[in-house]
Q: 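Sharing a structure, written as structure tokens. Questions coming.
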Amino acid sequence: MTTHDNSTTLTKLADTFGTPLYVYQQSALTDAYRAYTDAFAALNPLVCYAVKANGNLSILKHFAALGSGFDIVSGGELARVLAAGGDAGKTIFSGVGKSEAEIEFALNAGVLCFNVESLPELDRIQAVAVRLGKKAPVSLRINPDVDAKTHPYISTGLKANKFGIAYTDALAAYRHAAALSHLNIIGIDCHIGSQLTDLSPLVEACERILLLVDQLAAEGIMLKHIDLGGGVGIVYDNEEVPDLAAYADAVAKLLDGRELKLMLEPGRSLVGNAGVLLTRVEFIKQGEEKNFVIVDAAMNDLMRPALYDAHHRIETVGGGEGEAFTADVVGPICETGDFLGQNRRLACQAGDLLVVHSAGAYSSSMASNYNARNRAAEVLINGSDVRLIRQRETIEQQLANEQACLASQPQPLADN
Ligand code: LLP
């Protein structure tokens, strides 16, 4: 969304729904999804949107209507997918620490498969499947040991990361799985990191995973699908990002006639640039060394700058009046790390609206109640129509779980 074309709309949205406000554009969600299905058309992939990027029910519902599957990492995300009308049969369950209750929920719901990350997890899924008298479809997440060359906190495909089964242990892990009565081995997967700006690690991971597919086939373990995870980066500032057509071409060449269904788990690249965060300037403060633009959004609404030193473009809606000056854009939270941007050139004054770009992914989904702040509202724009897709949280909602306990008496801990 470019601010200058949309300043009237953004001003009206802020006046109607208040700030901070996440604003998403439906056409941008559709375009991003179609960019995948078009680029990979020859391979007819199942695109499984990674719910963690933005789990808003209306966004999930939109992707479900486009035909998307889902990648989930918790029972809570499965509940979201089901509540949005998503298809469990197109949902894959990733994550290193699935609880028994989550496995049971997913098996009963009929998920497409579990992306399994360790031997103890295989054993746990087997035990739950035995108890329920079901066969659990599984894929093993293999750590291909390639460097995604991204921020260390969002790099997952190196030996040192907690994710996946070590490449050198992969064959033994498949043999272990094959010996378990209630597992149905259907696939292999990897996910090497997020916000990748270079295509080569994605291609290298695919190559390494396919070597395993062939070794497994030679042992009689025939897989039905390969899932290459997510990770394709987006433009936040001026970075180069992988070209989907080039990615698809490279994968098609590597798959080379094998009968393997391709699955992908994009998150950020489907929603990141479909959303912005609108925030109002409360005060301009001149510090001794720096100027501060104090806004009503904070690290609890967008924690990426504090956590990863991430850059989000920030502009004044309508361009702003007066001379531009350099300032840190900060929130009201009592932390020095509470900034949305540092050393930005902006023309703005108290009362102006700022738009923080590329806030569709890992923004509302990572929001918290720190400093007892209510979570912001979210709206979805479709052409000239707008729909509130999450009400602004109220302080009553925040307090309810604790208020219910205020009058309760301490109890002795029961031995059971
Ligand atoms: N599949 C798995 C197993 C994942 O762990 C992830 C992201 C994805 C798919 C989606 O990756 P994407 O296409 O969005 O890159 N909070 C961080 C990003 C953490 C990503 C975690 N896993 C951020 O704000 O940059």
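Both ligands and their constituent atoms are indexed starting at 1 by order of listing. Values below: all heavy atoms of this structure, side chains included; hydrogens, waters and symmetry mates excluded.
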Q: Against heavy atoms of Arg141, which atoms of ligand 1 measure under 4.0 Å?
A: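 In order of numbering, the contacting atoms are 3 (C).
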
Q: Pull out every atom of ligand 1 sitting under 4.0 Å from any heavy atom of Asp71, numbered as shown with elements.
A: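 Per the distance check, 1 (N), 2 (C), 9 (C).
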
Q: Which of the atoms of ligand 1 are close to Arg268, meaning less than 4.0 Å from one of its heavy atoms?
A: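 By the 4.0 Å cutoff, the relevant atoms are 12 (P), 13 (O), 14 (O), 18 (C), 23 (C), 25 (O).
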
Q: Which bit of Ser194 is near ligand 1, meaning a heavy atom under 4.0 Å away: side chain, backbone, both or neither?
A: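 Within the 4.0 Å criterion, Ser194 contacts ligand 1 through backbone and side-chain atoms alike.
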
Q: On a heavy-atom basis, I'd like to know which of Arg304, Lys52, Gln195, Met366 is closest to atom 4 (C) of ligand 1.
A: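 It is Lys52 whose heavy atom sits nearest to atom 4 (C) of ligand 1.
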
Q: Select one of side chain, backbone, both or neither to describe which atoms of Phe163 lie under 4.0 Å from any atom of ligand 1, heavy atoms only.
A: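 Under 4.0 Å from ligand 1, Phe163 contributes no heavy atoms.
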
Q: Is the Phe339-Phe292 ring centre distance short of 6.0 angstrom?
A: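 No - the distance between ring centres of Phe339 and Phe292 does not fall below the 6.0 Å cut-off.
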
Q: Would you please determine whether Ser269 falls within less than 4.0 Å of ligand 1 on a heavy-atom basis?
A: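 Outside the 4.0 Å threshold, so no.
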
Q: Is the terminal nitrogen or CZ of Lys98 (NZ for Lys, CZ for Arg) located under 6.0 angstrom from the six-membered ring centre of Phe114 and within 45° of that ring's axis?
A: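 Pair Lys98/Phe114 does not count as cation-pi.
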
Q: Any side-chain donor-acceptor pair under 3.5 Å between Tyr236 and Gln195?
A: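 There is no such pair between these side chains.
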
Q: Taking the six-membered ring of Tyr167 as reference, does the NZ or CZ atom of Arg208 fall below 6.0 Å from its centre and within a 45° cone about the axis?
A: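 Arg208 over Tyr167 ring: yes.
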
Q: Among Glu117, Met303, Glu265, which one has a heavy atom closest to atom 1 (N) of ligand 1?
A: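 Answer by nearest heavy atom: Glu265.
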
Q: Quick one: do Arg280 and Asp15 make a salt bridge, cutoff under 4.0 Å?
A: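 Yes, this pair counts.
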
Q: Val232 versus ligand 1: do any nitrogen or oxygen atoms come within less than 3.5 Å of each other?
A: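 No, Val232 has no N/O under 3.5 Å of an N/O on ligand 1.
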
Q: So if I apply the salt bridge (charged side-chain N to carboxylate O under 4.0 Å, His left out) rule between Arg141 and each of Glu121, Glu117, Glu265, which one comes out positive?
A: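 Running salt bridge (charged side-chain N to carboxylate O under 4.0 Å, His left out) over Glu121, Glu117, Glu265 with Arg141 returns exactly one hit, Glu117.
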
Q: Pro266 heavy atoms, cut-off 4.0 Å: which ligand 1 atoms fall inside?
A: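 Taking each heavy atom of Pro266 in turn, ligand 1 has 13 (O) under 4.0 Å.
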
Q: Evaluate side-chain contact (heavy atoms from CB on, under 4.5 Å) for Ile188 paired with Leu260, printing each intermediate quantity in order.
A: CA-CA 10 Å; Ile188 190 161; Leu260 276 178; over 6 Å; no

Q: Gly230 heavy atoms, cut-off 4.0 Å: which ligand 1 atoms fall inside?
A: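 So the answer, numbered in order with elements, is 9 (C), 13 (O).
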
Q: How close do Thr326 and Asn291 get, heavy atom to heavy atom, and via which atoms?
A: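 Answer, listing the atom of Thr326 first, then Asn291: O-ND2, 3.0 Å.
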
